[in-house]
Amino acid sequence: MNGNNLLPTLLLTAGVFIFYGLFYRYHLGYQENFGLFLFTSEYAVETLSSPGGLAEYCSRFLTQFCFVPLVGAAVVALLLAVIHIQTVAISRKITLRRGIMPLALAPSLCCVALLCDEQYLLTGITSLIIVLAAVQLYLKIRAKSLRIIYLPLMAVALYALTGVAAVVMLIICIGVEMRRQAFRVREIWLLVGISVLIFSAFPFVAKHFFWQQYSLAKLFAGANYYRFTAVFPYPIILLWLLAAASPFIEFRPKRTLALVSCLVLAGITAFGVVGFADFKKEEVMRYDCLARHRQWDAIIRAADRHSPSSPLSVALLNLALAKSNRLGDSMFRYYQNGVEGLMPTFVRDFTVPMVAGEIYYHTGFVNTAQRYAFEAMEAIPDFQKSGRALQRLAETNIINGEYAVAQKYLRILRQTLFYRSWAEDAMACLLDEKLLASHQEWMDLRRMRTRTDFLFSEGEKSQMLGLLLQQDMHNRMAYEYLMAYCLLTKDLNHFRAYLSLGNELNYMALPVHFQEALVYLWGLSNTSLANIPYPISPDVMSRVNSYAAIYTSNPDAEKLLARDFSGSYWYYLHFRK
């Protein structure tokens, strides 16, 4: 690439890195959650021998780096820079003209928008890079006879290696021949007919001789560009059209106009990203990533900047508060949306169980967390395995003392890049009881976990929490979750009945929200708070009097109370459904 196009490439790379590194980074972490790349020959053979196998193998290799979101952002930025460089190089070969080519940015910028949908895989990018590389090789062949042989054979090979994205090569190469006029019109149409015939027949031939186990629909698509394999992602056709058309457009403005054109394209892309990006999902993914890595204080700081509103985000915030011993004092200072924001209900998909499993794991429902991890992995639409799920399965089996089963998962994780070190340490723990006993989290959960068989009921979570607490009366999380469940459901009679279960937890002071609920209960049947039989702080006593004065004397009390009391349990009790 000459110096004229270096600046657009650098701007593209920097812009993509900033966007995915700062503003949309957790979508990349989401990609890594539902994949597993193994450094084994068996995995390579299995992946490469499937339809579109080369593109998928490269995609999975690169996706694993999204384990570290900033590294994932750098990988995506470099991939899109490569597509831009390839587009410029092909355009120069076709038009024989130099200069800045703003429209060569179009395929890369289209990829930016597509990847805002978390279900688009990197396979679409890796397949396009491979196809454009094949085009570059074609443009280096001078002999007509060799080009005639190369085009249909490479089209078939690319179809097998990258899927239907290989059609981009056919379009570009046939366009090149029509432009060069090296062939007669009849010869070009003959070449087109032969290429299209071979290209169209490939899925049927492959189905009959090579890939009988795959459906024709799968063979026509080839690689999995989208996580939901039963759905063909039609917007990706726009990417292929841009990749096929942009090398032929001879728009070569002067430097100033060219840079303005690049900025206009970037602005159009930014507008598209704003329209297609889902920052509500990004919030959930952020909280999930932080919870996965036990960064509880970071979750609370994020909530202090912007209180989460989706049930999964709220549930992970409540988990962070519980792990920081702040649930009873602080949960109603943030938005609460009922019990789904405490212990989410199981959903038959691959995302919710993965997230909700973190909550059940840390509260001591080890078997439920194990079931959620297994169900999530088996529900992944493109039939991949999950390194994160395998790690959780290994953990839960270690906690339950099922070391042989845990070793099965650990042996798999030892063949990965980012889970290898953890798997080695876990395997060492299984071989050394003293080392295992020093693992505080596993030993705490082994003590907290349920040791009797019972059927976990989604509709009776309070009973499940009560059973968990009975196993270990020092399980502070189980106790606070039980009390929080009663507060969220406004079941204050059970709240008062369960209060004494926390006697063995040795609180320095009764949690603030517990005090607020008790003061309210006492006030329902007593005209004075002077003889309340609970240790209520002077601050809570003063605040309840102020709250009651406004609540009982103003018809628009909700707005008046919001400023000073929206973080109290009373406000949730009266104004939240």
Side-chain angles (χ1 to χ4, degrees), residues 34-38 40-61 63 114 119-135 137-138 148-174 189-241 243-244 350 377-385:
F34 303 105
L36 178 71
F37 185 88
L38 301 178
T40 64
S41 57
E42 294 85 355
Y43 180 82
V45 170
E46 178 185 354
T47 307
L48 291 170
S49 61
S50 64
L54 179 60
E56 290 213 35
Y57 188 80
C58 295
S59 171
R60 295 179 187 183
F61 172 78
T63 300
L114 289 179
Q119 307 307 342
Y120 275 93
L121 307 175
L122 291 185
T123 312
I125 296 176
T126 57
S127 62
L128 184 57
I129 290 174
I130 295 169
V131 168
L132 293 179
V135 172
L137 181 58
Y138 178 86
I148 292 174
I149 297 172
Y150 177 91
L151 184 57
L153 292 181
M154 181 55 73
V156 172
L158 283 180
Y159 206 147
L161 297 173
T162 67
V164 73
V167 73
V168 173
M169 190 205 74
L170 273 181
I171 296 173
I172 294 178
C173 293
I174 291 173
W189 282 112
L190 181 61
L191 184 61
V192 170
I194 293 173
S195 299
V196 170
L197 179 62
I198 295 176
F199 201 80
S200 302
F202 173 76
F204 297 97
V205 175
K207 173 70 175 175
H208 185 73
F209 291 102
F210 306 110
W211 289 316
Q212 293 91 344
Q213 70 272 33
Y214 295 100
S215 67
L216 274 175
K218 166 62 178 172
L219 292 175
F220 268 104
N224 292 327
Y225 308 110
Y226 201 67
R227 199 179 312 277
F228 292 93
T229 56
V231 177
F232 185 80
Y234 288 102
I236 204 171
I237 295 176
L238 175 61
L239 169 63
W240 296 338
L241 291 175
F350 60 101
M377 185 167 65
E378 292 305 304
I380 296 175
D382 59 343
F383 311 111
Q384 290 199 58
K385 298 303 177 185

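Just so it is clear, the structure is predicted and the values come from calculations on it, not from any experiment.
- Scanning both residues, Leu239 and Gly124, for their nearest heavy atoms gives CD2-O, 4.5 Å.
- A heavy-atom distance below 4.5 Å is found between the side chains of Leu158 and Ile130.
- Here the shortest heavy-atom pairing between Leu219 and Ala206 reads CD1-C, 4.3 Å.
- For the pair Thr229 and Pro381, the tightest heavy-atom approach, listed with the atom from each and the gap, is OG1-O, 3.6 Å.
- A donor-acceptor pair is defined here as one N or O able to donate and one able to accept, closer than 3.5 Å; no such pair exists between the side chain of Ser200 and the backbone of Leu197.
- Considering all non-hydrogen atoms of both residues, Ala243 and Leu128 come closest at CB-CD1, 3.7 Å.
- Separation of atoms CG (Leu36) and OG1 (Thr63) is listed at 11.5 Å; rounding is to 0.5 Å.
- The aromatic rings of Tyr150 and Tyr138 are tilted relative to each other, their planes meeting at an angle between 30° and 60°.
- Listed by chain and residue number, Pro51, Glu56, Tyr214, Ser215, Asn224 satisfy the side chain to side chain contact (heavy atoms under 4.5 Å, CB included) test with Lys218 (two or more places apart in sequence, or in another chain).
- Using bins of under 30°, 30° to 60° and over 60° for the plane-to-plane angle, the ring pair Phe37/Phe61 lands in the perpendicular bin.
- The ring pair (Phe, Tyr, Trp, His ring centres under 6.0 Å) check on Phe350 picks up Phe34, Phe228, with sequence neighbours excluded.
- Counting only heavy atoms from C-beta outward, the side chains of Leu241 and Val168 never approach each other to under 4.5 Å.
- Tyr225 places a side-chain N or O within 3.5 Å of a backbone atom of Ala165 that can act as its donor or acceptor partner.
- To the nearest 0.5 Å, atom CD1 of residue Ile236 and atom OG1 of residue Thr123 are 8.5 Å apart.
- Annotation: side chain of Phe220 is not in contact with side chain of Phe202 (no heavy-atom distance under 4.5 Å).
- Between Val131 and Met169 the shortest heavy-atom distance is CG1-N, 3.6 Å.
- With hydrogens and angles disregarded, no donor-acceptor distance shorter than 3.5 Å links the side chain of Lys207 to the backbone of Leu216.
- How far CD1 of Ile148 is from CD1 of Ile194: 8.5 Å, rounded to the nearest 0.5 Å.
- Between Thr47 and Arg60, the closest side-chain pair of non-hydrogen atoms falls below 4.5 Å.
- Note that CH2 of Trp211 and OG of Ser49 are 8.0 Å apart. Values are rounded to the nearest 0.5 Å.
- At distances below 3.5 Å, not a single donor-acceptor pair connects side-chain atoms of Trp240 with backbone N or O atoms of Val164.
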Next on the checklist: Please evaluate residues Tyr226 and Phe232 with respect to the criterion ring pair (Phe, Tyr, Trp, His ring centres under 6.0 Å), reporting the C-alpha separation (whole Å), side-chain torsions for both, the decisive distance (0.1 Å), and the verdict.
Outcome noted: CA-CA 7 Å; Tyr226 201 67; Phe232 185 80; 9.3 Å; no
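- Atom-to-atom distance recorded for Ser50:OG and Leu161:CG is 10.0 Å, nearest 0.5 angstrom.
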Checklist entry - Going through the distances and angles, do Ile198 and Leu153 end up as a side-chain contact (heavy atoms from CB on, under 4.5 Å)? => result CA-CA 9 Å; Ile198 295 176; Leu153 292 181; over 6 Å; no
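- Counting only N and O atoms by type, the side chains of Ser127 and Thr162 include no donor and acceptor under 3.5 Å apart.
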